[in-house]
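A short worksheet on the structure shown next.
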Amino acid sequence: MLQQLFSPSVQHTVDMVGIFVFAISGALLAVRKNFDVFGIAVLAEVTALGGGLFRDIVIGAVPPAAFTDLGYFLTPLLATVVVFFLHPHVERIQRAVYVFDAAGLGLFCVSGTTKAYDYGLGLTSSATLGLATAVGGGVLRDVLANEVPSLLRWDRDLYAVPAIVGSTMVVLCIHYDALTPLTTALAAVSAFALRLLAMKYHWRAPRAWNRRSTVREE
Amino acid sequence: MLQQLFSPSVQHTVDMVGIFVFAISGALLAVRKNFDVFGIAVLAEVTALGGGLFRDIVIGAVPPAAFTDLGYFLTPLLATVVVFFLHPHVERIQRAVYVFDAAGLGLFCVSGTTKAYDYGLGLTSSATLGLATAVGGGVLRDVLANEVPSLLRWDRDLYAVPAIVGSTMVVLCIHYDALTPLTTALAAVSAFALRLLAMKYHWRAPRAWNRRSTVREE
Amino acid sequence: MLQQLFSPSVQHTVDMVGIFVFAISGALLAVRKNFDVFGIAVLAEVTALGGGLFRDIVIGAVPPAAFTDLGYFLTPLLATVVVFFLHPHVERIQRAVYVFDAAGLGLFCVSGTTKAYDYGLGLTSSATLGLATAVGGGVLRDVLANEVPSLLRWDRDLYAVPAIVGSTMVVLCIHYDALTPLTTALAAVSAFALRLLAMKYHWRAPRAWNRRSTVREE
């Protein structure tokens, strides 16, 4: 058991913050897609809880935390209410939303990795599931909104890489028996900072080499 | 254990009817999307069984009922055959199909809620899974057909609300120890009737307040 | 227990080949959709492992093989590297890729069916899960790429039918107690050959009868 690096209440507060900011991003996309209030709530829930739900089903932690902790379910509804009434204001502070989303990314890649390792997965698999926890909700959000997942698009700033860095730092710490509250926080902060830098400087990942004109642009 | 409010054969017949009408709606969309006969069968199966499959995976009831009861698998194939040969006639009775779909919605939100509660979930989570059981198949149907889920669109008559009402009535009955065959049937009939009224009077849910012109219409 | 028809190393090599060729098909679609290198990797992983992941979650084999065997995870990354640097060459040998994909289809429908039966599912359910194992990755690939799954489209050569034939041959062999390495290989080869013939002669499945002009073409 790795857990209990932090007190449960600290861990829970951190989870709630991550869930709230992810839910905001889902709700805002729903408003942009012109969905009604139930569509906004569904997209908020899916974005906030989808990644952790996938992780829990894969590692066999059923029923998943999303269905056993009432706070996990109610927090996205709170985000729905906020966006429903205040969305022009929320959009105006879009920059702040992105910063919070980056914080959610850092928190979820770390907590997803440690939970997967706790359930007996290997180091590589744990890091992969940490990545899936962090980005899975956003992918489901885009699929439900019938858009190409922004995770996959080349014209978006780096999103997977910061999460991969955070997950990898955690499994390296586990491997070298150096996982402490300090190193865990460091991994989350590294992912967070890397995502902020990627947004500021528009870092992007390369596309395949030798792209020819016969490749359709879409 | 809540179950066995009804005799197993009554419960099973009710399930089969719900599965059949949901399968018809999936098969009709497949015809409209110009899919071949296998595409029709896949969409019929997914629409009919997707919601229950999701519920069973989440609560840890594996293998899910969809894969242990042959009738669950064969009923959508029967719907496929009906639509394949008779789809102009089925479309002509589209109104009847909608009525049956509303019946399926009522039945599934109730049976999904009670099954989730039986597997140890809390009241709120059980109601949520009841809702997911009722609407999940339709969402998967639309995702596979590469359309925005009609559940999320503001220009569709209320669909989630009747299921939410049905699920909530069930958990309230559980909470007040009043779940009987009568109250269970009442919850299903309420969801059914509410959906019919929503279709008749085109009740719709509100979109976000203060929608500005900068929001893209899609 | 049916397994161990083949030595574990033979089985594992066969799995790796199937995973590699499916990953190539996912990576090529990602290049065509103009995804960046991480999008290519995600689509390669999802295409190669999605079908087996779905099967393992349904039968309760968690954590799924995709997360316990490092080779399963690394093979799609190898395919990503190959496509990233050599994709014009890979496209030039598209015909070879299709042949390998057909081989993957044959291998996966057989191995998926036997694994599902081993976990206690009935014959029909096992065959259905074998089909889902073989085609599930491709469906997820198309959903993530925001395209109508090619499995469902009438203007594609038969893809489900060969897998259905292979899965059905396996369950018939199980039923008649005739499952040997020879008959297993025969089922895989039959699915493989049928898919090659379908591509060569452009066999297609029928669409619904009496399609009227009022049906929207999409």
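In what follows, chains are A, B, ... by sequence order, proteins preceding strands, each numbered from 1.
- Here C/Thr124 is the residue among C/Leu131, C/Thr124, C/Ile59 with the most heavy-atom pairs under 4.5 Å with chain B.
- Comparing B/Ile57, B/Thr68, B/Leu144 by how many heavy-atom pairs each has under 4.5 Å with chain C, the most go to B/Leu144.
- Under 4.0 Å is where a charged nitrogen must lie from a carboxylate oxygen, and between B/Lys115 and B/Asp56 at least one such pair does.
- Two residues are said to be in side-chain contact when any heavy atoms from C-beta on lie closer than 4.5 Å; B/Tyr117 and B/Val171 fail this criterion.
- Only the side chain of B/Ile40 comes within contact range of chain C, judged by heavy atoms closer than 4.5 Å.
- Contact count against chain C (heavy-atom pairs under 4.5 Å) is highest for B/Pro64 among B/Ala66, B/Pro64, B/Ala27, B/Gly60.
- Taking chain B as the reference chain and counting heavy-atom pairs below 4.5 Å, the highest number among C/Val62, C/Leu129, C/Leu151 is found for C/Leu129.
- Looking at B/Phe67, both its backbone and its side chain come within 4.5 Å of chain C, counting heavy atoms on both sides.
- Here the closest non-hydrogen pair linking C/Cys109 and C/Ala191 is SG-CB, 4.1 Å.
- The nearest pair of heavy atoms linking B/Asp36 to C/Ala205 is OD2-CB, 3.5 Å.
- With a 4.5 angstrom heavy-atom cutoff, B/Leu74 does not touch chain C via any of its atoms.
- In this structure, C/Thr183 contributes its side chain and C/Thr180 its backbone to a donor-acceptor pair below 3.5 Å.
- The two residues C/Phe22 and C/Thr47 have their closest heavy-atom pair at O-CG2, 3.2 Å.
- Between C/Ile19 and C/Phe108, the closest side-chain pair of non-hydrogen atoms falls below 4.5 Å.
- Interface remark: C/Val143 contributes side-chain atoms only to the contact with chain B (heavy atom separation under 4.5 Å).
- Of the atoms belonging to C/Val139, it is side-chain heavy atoms, and not backbone ones, that fall under 4.5 Å from chain B.
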